[in-house]
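These notes are about the structure you will find just below.
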Amino acid sequence: MNLFDDFQRRLAAILARLTVEGRLPDGLDAGKVVVEPPRDPSHGDLATNAAMVLSKDAKMNPRALADLLVAELDKEPGVTEVSVAGPGFINVRLDPSLFAGVLRAALRQGETFGHSDRGKGIKVNVEYVSANPTGPMHVGHGRGAVFGDALANLLEAAGYDVTREYYINDAGAQVDVLARSAHLRYREALGETIAIPEGLYPGDYLKPVGAALAKEVGNALIDKPEAEWLPLVRDTAISMMMDMIRTDLAQLNIRHEVFFSERSLQKPTDIIATTIADLTARDLVYVGRLAPPKGAPIEDWEDREQTLFRSTAYGDDVDRPLLKSDGSYTYFASDIAYHADKYNRGSSVLIDVLGADHGGYVKRMKAAVAAVTGGRGELDCKLCQLVRLLRNGEPVKMSKRAGDFVTLREVVDEVGSDAVRFMMLFRKNDATLDFDLAKVIEQSKDNAVFYVQYAHARGQSVKRQALAAFPDLDLASATLADADLARLTDPAEQDILRRISQFPRIVDAAAQAHEPHRIAFYLYELASDLHALWNKGKEAPHLRFVMENDRELTTSRMALVQGVAGVIAVGLALLGVSAPDEMR
RNA sequence: GCACCCGUAGCUCAGCUGGAUAGAGCGUUGCCCUCCGAAGGCAAAGGUCAGAGGUUCGAAUCCUCUCGGGUGCGCCA
């Protein structure tokens with residue numbers, strides 16, 4: 001139930017009809033036409049730019065074309081007034097019953113209101129978090145985690161078939177460093193006094209790994225050469241780190257369907273080799289020399305022949321190496337094979353949620369996906385900017401225990417999952433985020449999480465009051481959907497109906513743009529509407545939700561309140577935030 | 001040197017993929033409330049959308065350049 005889509009279709013039908021009738025030329029592209037709410041509500045309920053964008057192709061001046069369309073739109077059911085404004089805007093005013101109809105739909109559809117089949121089941125792979133399995137997650141990881149999860153929710157709501165995936169970087173040198181660090185903790189667990197040299201991971205979180213190893217194998221690994229103990233220690237450590245990360249994620253109610261191991265790209269079969277062979281056969285891999293980067297001089301630069309992927313053929317600035325000097329694969333080589341694999345598993349749309357420090361990586365990855373899918377796969381990289389942790393405006397000190405960063409778990413333990421999730425989504429992903437630990441648990445209007453959740457709770461509270469006044473009132477959504485909504489005549493009530501009718505459009509646009517923050521901002525506005533109406537009831541008793549002398553009006557208003565609460569609940573669910581029945 | 005992201009009110013940020021007179025919160029100022037419809041309300045002031053060109057009916061939004069901030073720049077992941 002999307003009024004704006006509905007009118008877009010109606011307009012397309014009108015254009016088609018006028019074309020058939022010969023009153024408009026062939027070849028008009030109705031796809032350029034936008035139907036949207038006017039910025040200024042006094043202009044009407046819907047506005048379209050149809051006359052302006054089509055005037056050139058129609059070989060008519062915009063006003064004349066607008067007049068033609070106005071005559072047709074005027075015949076449409078539910079349209080009460082159509083006018084032309086400015087350079088050729090067509091403003092449409094609708095019968096209030098149409099907005100009431102959206103409220104009824106919202107009440108009937110409940111938790112699926114705003115959902116659509118726009119994605120038509122297209123398979124989308126969202127890869128997010130993908131933190132190295134070498135330690136606990138920090139707050140920056142948390143932002144990507146929350147963003148990716150909300151985006152996945154959003155895409156599912158828009159009718160896409162979403163796979164939530166985590167790429168475990170368990171193949172690089174960093175996991176060997178992890179193993180060495182864990183081995184030290186193992187010796188420590190056996191009673192040795194250890195010192196952790198520079199370059200290894202110092203965090204206490206590896207102590208349990210050492211203890212677990214000691215318990216499992218006793219001192220069997222203590223005098224062996226590194227080559228013999230490293231694989232076992234590494235696998236144990238990775239496994240325990242992943243358990244820890246999964247626990248951290250579960251605390252934020254984030255679960256991935258696929259955990260993909262980087263090492264599995266080489267064992268048991270080497271997919272990286274076949275991917276490179278495939279690219280080589282297509283002349284996209286060659287052996288050549290690379291000029292050293294201009295800016296920061298590299299001390300040990302060695303000019304040498306290397307195996308390069310021709311990413312410049314797909315818009316990258318320079319070709320990229322696939323093999324290190326020791327012959328092993330670069331991270332990029334693995335990643336090409338990995339993305340090829342995601343595509344081959346059926347996802348034609350790939351989304352990578354990355355930290356902002358990966359910005360330089362995007363071009364080459366897009367080039368790789370284009371090459372490896374023959375241009376049929378689409379990759380969108382969403383870069384999440386840094387999070388600055390504050391407490392009352394002051395930067396938060398790092399925790400030594402975890403190894404010089406604030407862990408995600410510490411933050412979630414302190415302020416809760418809802419506050420973390422909402423605040424991380426109450427900002428565009430590419431803007432840096434100030435996260436104030438004191439502010440986000442404050443019960444005031446300054447705190448957006450509280451404000452939105454409170455609107456939902458207030459809605460429930462109002463319903464409880466209505467039941468106190470009319471104990472036999474049926475407040476089930478299905479019943480409220482049949483209420484007499486014509487009694488919602490106050491402008492503030494009408495505004496809320498309009499706001500609700502925009503929700504499906506917001507969900508759709510947010511999903512298309514891969515921008516979950518739009519939902520958060522919409523909810524803030526909707527909450528604000530409800531609070532404002534409530535406050536009006538203080539000065540103007542005839543606007544109170546519960547009218548003790550008027551059962552019918554109370555019922556109508558309960559429909560409105562339940563509609564708002566329901567939309568807030570749906571929106572918060574998309575963000576992965578709870579919608580409480582009361583604030584405590 | 002190059003690439004990517006960002007630059008909107010004093011501050012923190014929105015701005016619905018190019019629409020009409022650029023919005024909100026905080027802060028400031030002024031009224032009201034502080035008799036549980038509690039976790040405040042109403043209103044005002046505040047802008048060269050970093051700057052300059054360009055594209056077109058129309059630009060905060062798209063293109064080019066300049067300035068300013070951030071990030072990254074074989075064999076790290």
Side-chain angles (χ1 to χ4, degrees), chain A residues 4 32 34 36-40 43 47-49 51-53 55-56 61-63 85-89 91 130-132 134 167 169 171-175 262 289-296 298 300-304 306 308 316-321 323-332 334-335 355-363 381 383 385-386 426-434 436 439 442-448 450-451 454 458 461-462 465 502 505-506 508-510 512-513 515 517-518 520-522 524-525 528 531-532 534-539 541 544-546 583:
Chain A
F4 304 92
K32 289 192 285 193
V34 175
E36 59 189 354
R39 187 162 294 174
D40 183 346
H43 289 141
T48 178
N49 59 359
M52 290 177 290
V53 293
S55 68
K56 188 168 279 181
N61 81 54
R63 297 290 299 211
F89 279 104
N91 290 319
S130 300
N132 282 343
T134 53
Y167 185 46
N169 298 133
Q174 84 282 0
V175 286
E262 180 183 357
R289 286 174 192 277
L290 229 43
K294 283 270 166 29
I298 300 168
D300 56 345
W301 176 270
E302 170 201 352
D303 188 29
R304 65 177 180 90
Q306 46 188 345
L308 299 167
D316 198 4
D317 311 299
V318 38
D319 294 335
R320 306 289 177 175
L323 298 179
K324 303 179 195 173
S325 54
D326 67 0
S328 63
Y329 298 120
T330 60
Y331 181 79
F332 180 51
S334 309
D335 225 5
D357 54 343
H358 288 66
Y361 197 66
V362 173
K363 271 193 182 181
C381 293
L383 300 176
Q385 268 291 353
L386 301 175
F426 199 56
R427 194 108 311 173
K428 276 185 303 201
N429 58 290
D430 49 14
T432 56
L433 171 67
D434 287 347
D436 195 312
K439 210 83 178 172
E442 201 173 88
Q443 299 212 338
S444 77
K445 193 176 179 179
D446 308 4
N447 175 9
F450 170 78
Y451 195 63
Y454 181 34
R458 179 169 263 177
S461 152
V462 165
Q465 288 172 39
Q502 279 173 234
R505 188 170 172 275
I506 298 283
D508 187 53
Q512 294 309 313
E515 291 183 350
H517 77 271
R518 295 192 198 185
F521 281 94
Y522 170 86
Y524 185 82
E525 288 169 0
S528 179
H531 290 310
W534 162 276
N535 283 314
K536 269 191 159 184
K538 278 197 278 192
E539 305 274 310
R544 296 189 175 194
F545 294 119
V546 179
M583 305 304 287

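By convention in this document, chain letters (A, B, ...) are assigned in the order of the sequence lines, proteins followed by strands, and residues within each chain are numbered from 1.
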Does any nucleotide pair with B:U71 by Watson-Crick or G-U wobble geometry, both distances under 3.5 Å, and what is it?
-> B:A3
Any donor-acceptor pair under 3.5 Å from A:His358 side chain to A:Cys381 backbone | no
For B:U64 versus B:U21, give the span between their P atoms, rounded off to a whole number of Å.
-> 28 Å
Between NZ of A:Lys536 and C1' of B:C42 the distance, given in whole Å, is 11 Å
Using a heavy-atom cut-off of under 4.0 Å over every strand shown, decide if A:His358 touches base, sugar-phosphate, or nothing.
-> base
With the side chain of A:Pro321 defined as its heavy atoms from C-beta on, choose the nearest nucleotide among B:G74, B:U56, B:A39.
-> B:G74
A:Thr330 side chain to A:Pro321 main-chain N or O, any donor-acceptor pair under 3.5 Å?
-> yes
Describe the nucleic acid contact of A:Ser328 in one word from base, sugar-phosphate, nothing, applying a heavy-atom distance below 4.0 Å.
-> nothing
Figure out the NZ/P separation between A:Lys538 and B:C35, and round it to whole Å.
-> 12 Å
Which one is paired to B:U21, where only Watson-Crick or G-U wobble pairs with both distances under 3.5 angstrom count?
-> none
Which parts of nucleotides 16-34 of chain B does protein reach within less than 4.0 Å, heavy atoms only, written one letter per nucleotide 5' to 3' as B for base, S for sugar-phosphate only and - for none?
-> BB-BB----SS--------
Identity of whatever pairs with B:U56 - Watson-Crick or G-U, under 3.5 angstrom = none
Same-atom distance (C1') from B:A60 to B:G19, integer angstrom | 12 Å
Side chain of A:Val546: nearest nucleotide among B:G37, B:U71, B:A77?
-> B:G37
Parallel under 30°, tilted from 30 to 60°, perpendicular over 60°: which one fits the rings of A:Phe450 and A:Tyr454?
-> parallel
Establish, with yes or no, whether the OP1 or OP2 oxygen of B:C5 is under 4.0 angstrom from a side-chain nitrogen or oxygen of A:Lys428.
-> no
Find the distance A:Arg320:CZ to B:C2:P and express it as a whole number of Å.
-> 16 Å
Remember a base hit wins even if backbone is also touched, and classify A:Phe426 as base, sugar-phosphate or nothing at under 4.0 Å, heavy atoms.
-> nothing
Tell me which nucleotide among B:C13, B:A77, B:G74 gets nearest to the side chain of A:Asn169.
-> B:A77
Nearest-Å distance once atom C1' is located in both B:C35 and B:G40 | 15 Å
Closest non-hydrogen contact found for A:Arg518 with A:Ile506 is O-CG2, 4.1 Å
When you measure from the side chain of A:Asn429 to the backbone N and O of A:Leu383, does any donor-acceptor pair fall under 3.5 Å?
-> yes
Can you tell me how far C1' in B:C2 sits from the matching atom in B:G74, rounded to whole Å?
-> 15 Å
A:His531 or A:Trp534, whichever maps to the more 5' nucleotide of RNA chain B | A:Trp534
Is the Lys NZ or Arg CZ of A:Arg320 less than 6.0 Å from the centre of A:Phe332's six-membered ring, within 45° of the axis?
-> no
Return the value, rounded to whole Å, for the distance between atom CZ of A:Phe521 and atom P of B:C13.
-> 10 Å
May I have the distance from A:Asn61 (atom CG) to B:U56 (atom P), rounded to whole angstrom?
-> 18 Å
When every non-hydrogen atom of A:Leu290 is compared with those of A:Trp301, the smallest separation belongs to O-CZ2, 3.4 Å
Where each residue is assigned the nucleotide of RNA chain B containing its nearest heavy atom, which of A:Gln465 and A:Asn535 is assigned the position nearer the 5′ end?
-> A:Gln465
Can you check whether A:Tyr167's main-chain N or O pairs, donor with acceptor, with A:Ser130's side chain at less than 3.5 Å?
-> yes
On a whole-Å scale, what distance lies between the P atoms belonging to B:G15 and B:C6?
-> 12 Å
With sugar-phosphate meaning primed atoms plus P, OP1 and OP2, does A:Gln443 contact a base, only sugar-phosphate, or nothing at under 4.0 Å between heavy atoms?
-> base
Checking B:G37, B:C4, B:C75 against the side chain of A:Lys363 (C-beta onward), the nearest is B:C4
Can A:Trp301 be called stacked on B:G74 when the rule is centres closer than 5.5 Å and an angle between planes below 30°?
-> yes
Considering Watson-Crick and G-U wobble pairs with both distances under 3.5 Å, what does B:C16 pair with?
-> none
Rounded distance in Å between the P positions of B:A43 and B:C36 | 25 Å
Would you say A:His517 reaches B:G15's phosphate, i.e. side-chain N/O to OP1/OP2 under 4.0 Å?
-> yes
Can you tell me, in whole Å, how much space there is between the P of B:G1 and that of B:A45?
-> 46 Å
Nearest-Å distance, CG (A:Asp430) to C1' (B:U8)?
-> 15 Å
Classify the side-chain pair A:Tyr361/A:Asp335 by whether it contains a donor and acceptor separated by less than 3.5 Å.
-> yes
Report which part of the nucleic acid A:Glu262 touches: base, sugar-phosphate, or nothing (heavy-atom distance under 4.0 Å, all strands).
-> sugar-phosphate
Please state the C1' separation for the pair B:A20 and B:C57 - nearest whole angstrom.
-> 13 Å
Look through every strand shown and name the nucleotide pairing with B:A43 as Watson-Crick or G-U wobble, where both distances are under 3.5 Å.
-> B:U29
Is there a donor in the side chain of A:Asn132 and an acceptor in the side chain of A:Thr134, or the other way round, less than 3.5 Å apart?
-> no
Across all strands shown, which nucleotide pairs with B:C36 by Watson-Crick or G-U wobble geometry, both distances under 3.5 Å?
-> none
Measure the OH-CD distance between A:Tyr329 and A:Glu262 for me, rounded to the nearest 0.5 Å.
-> 12.0 Å
Could you state the atom-to-atom distance from CZ of A:Arg427 to P of B:U12 in whole Å?
-> 10 Å
With a 3.5 angstrom cut-off on both distances, give the Watson-Crick or G-U wobble partner of B:A9, or none if there isn't one.
-> none
Using whole Å, report how far CG of A:Asp326 lies from P of B:C76.
-> 7 Å
Looking at A:Lys324, does any N or O in its side chain come under 4.0 Å of the phosphate oxygens OP1/OP2 on B:G74?
-> no
